[in-house]
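Worksheet: the structure to be examined is printed underneath.
Values reported hereafter were calculated over all heavy atoms of this structure, with side chains retained and with hydrogens, waters and symmetry mates removed. Remember, predicted model here, so these are calculated numbers, not experimental data.
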Amino acid sequence: MSNVTYEYIRRNKDIQTYINYADAALNTIGYTEHSNAHVERAAATAYMILDTLGYDARTCELAQIAGYMHDIGNVVNRIDHAQSGAVMAFRLLDRLGMPADEIAQIVSAIGNHDEATAVPVTPIAAALIIADKSDVRRSRVRGRDGAFIPSTENLARDIHDRVNYAAERSELKFSEDKSELILDLTIDLDISPVMEYFEIFLSRMDLCRRAAGYLGVTFGLIINKARIL
């Protein structure tokens with residue numbers, strides 16, 4: 001085990017620079033927020049999933065690191081950003097002296113988190129998939145020149161903005177017996193109907209279902225107190 005901790009990674013100025021530039025690039029092409037708020041939430045959620053399921057502390061911390069670094073490949077291009085990010089993470093972590101067996105687990109998770117090519121090949125990859133795809137929240141929506149203004153015109157422009165802005169509450173939690181991982185959402189149906197949510201997120205929810213299955217649990221979805229999955 002190395003001394004490259006999550007806190008060390010979080011404070012690393014080079015990694016922070018890549019996160020900032022990647023998010024700026026996505027902002028330019030109109031994507032939702034992928035800044036510190038997203039990656040720190042992904043890190044915390046990935047850790048929570050594995051910790052709840054009884055994985056050892058270092059595996060949980062490696063999931064945190066993967067969650068924090070998973071989107072740096074967007075600085076290269078949105079297309080194939082998971083693979084680009086994995087290569088970048090390898091170079092960064094190798095230079096920091098992290099052992100190969102830990103780097104392998106992190107880059108495998110990063111390289112398998114995007115829904116176009118994702119496969120839950122390890123527990124860390126499975127946890128990262130769920131952590132990333134379950135981050136649905138109003139604060140991820142942003143305007144082209146700053147804060148998002150929820151006008152009729154702005155909401156009509158992009159279905160991704162509508163679906164995320166409609167999410168008034170989002171909570172990922174385990175059932176009491178830890179047999180099911182549940183994404184519990186409250187959506188403003190005046191902004192976006194449930195059908196629009198599925199139009200955007202059906203493939204992501206199916207990926208979460210497969211990732212949860214890899215971890216030995218089921219995946220559930222509740223929207224406005226109604227069981228969907």
Could you please spell out the steps behind the salt bridge (charged side-chain N to carboxylate O under 4.0 Å, His left out) verdict for D135 and K133?
-> CA-CA 6 Å; D135 187 15; K133 305 314 171 193; over 6 Å; no
For N74 and H34, run side chain to side chain donor-acceptor pair (under 3.5 Å): C-alpha distance rounded to whole Å, both residues' side-chain angles, the deciding distance at 0.1 Å, then the answer.
-> CA-CA 9 Å; N74 284 303; H34 284 70; 5.2 Å; no
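In summary, the side chains of H38 and H70 do present a donor paired with an acceptor at a separation below 3.5 Å, with no hydrogens or angles considered. With hydrogens and angles left out, the side-chain atoms of T186 and R169 include a donor and acceptor closer than 3.5 Å. Residues Y21 and Q16 have side chains that never bring a donor and an acceptor to within less than 3.5 angstrom of each other. Under the 3.5 Å distance criterion, with hydrogens and angles disregarded, no donor-acceptor pair is assigned to the side chains of D14 and T17.
In Y31, the OH atom is not crowded: 12 or fewer heavy atoms of neighbouring residues, nucleotides or ligands sit closer than 6.0 Å. Around CZ of R95, the count of heavy atoms belonging to other residues, nucleotides or ligands within 6.0 Å does not exceed 12.
For R142 and E33, the salt-bridge test fails: no basic side-chain N is under 4.0 Å from an acidic carboxylate O.
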Please table the atom pairs, donor to acceptor, closer than 3.5 Å between any side-chain atom in residues 45-52 and protein atoms at least two apart or in another chain.
unit_1: T45; atom_1: OG1; unit_2: R41; atom_2: O; d: 2.9
unit_1: T52; atom_1: OG1; unit_2: M48; atom_2: O; d: 2.7

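If you take CG on L181 and CZ on F174, they are separated by 4.5 Å, rounding to the nearest 0.5 Å.
In this structure, R209 fails the cation-pi test against F219, since its NZ or CZ atom is not both closer than 6.0 Å to the six-membered ring centre and inside 45 degrees of the ring normal.
Between M98 and D94, every side-chain heavy-atom pair lies at or beyond the 4.5 Å cut-off.
Applying the salt bridge (Lys or Arg N to Asp or Glu O under 4.0 Å) test to K178 and every residue at least two apart in sequence or in another chain returns nothing. Shown here are the side chain to side chain contact (heavy atoms under 4.5 Å, CB included) partners of Y8, two or more places apart in sequence or in another chain: V4, T5, N12, L96.
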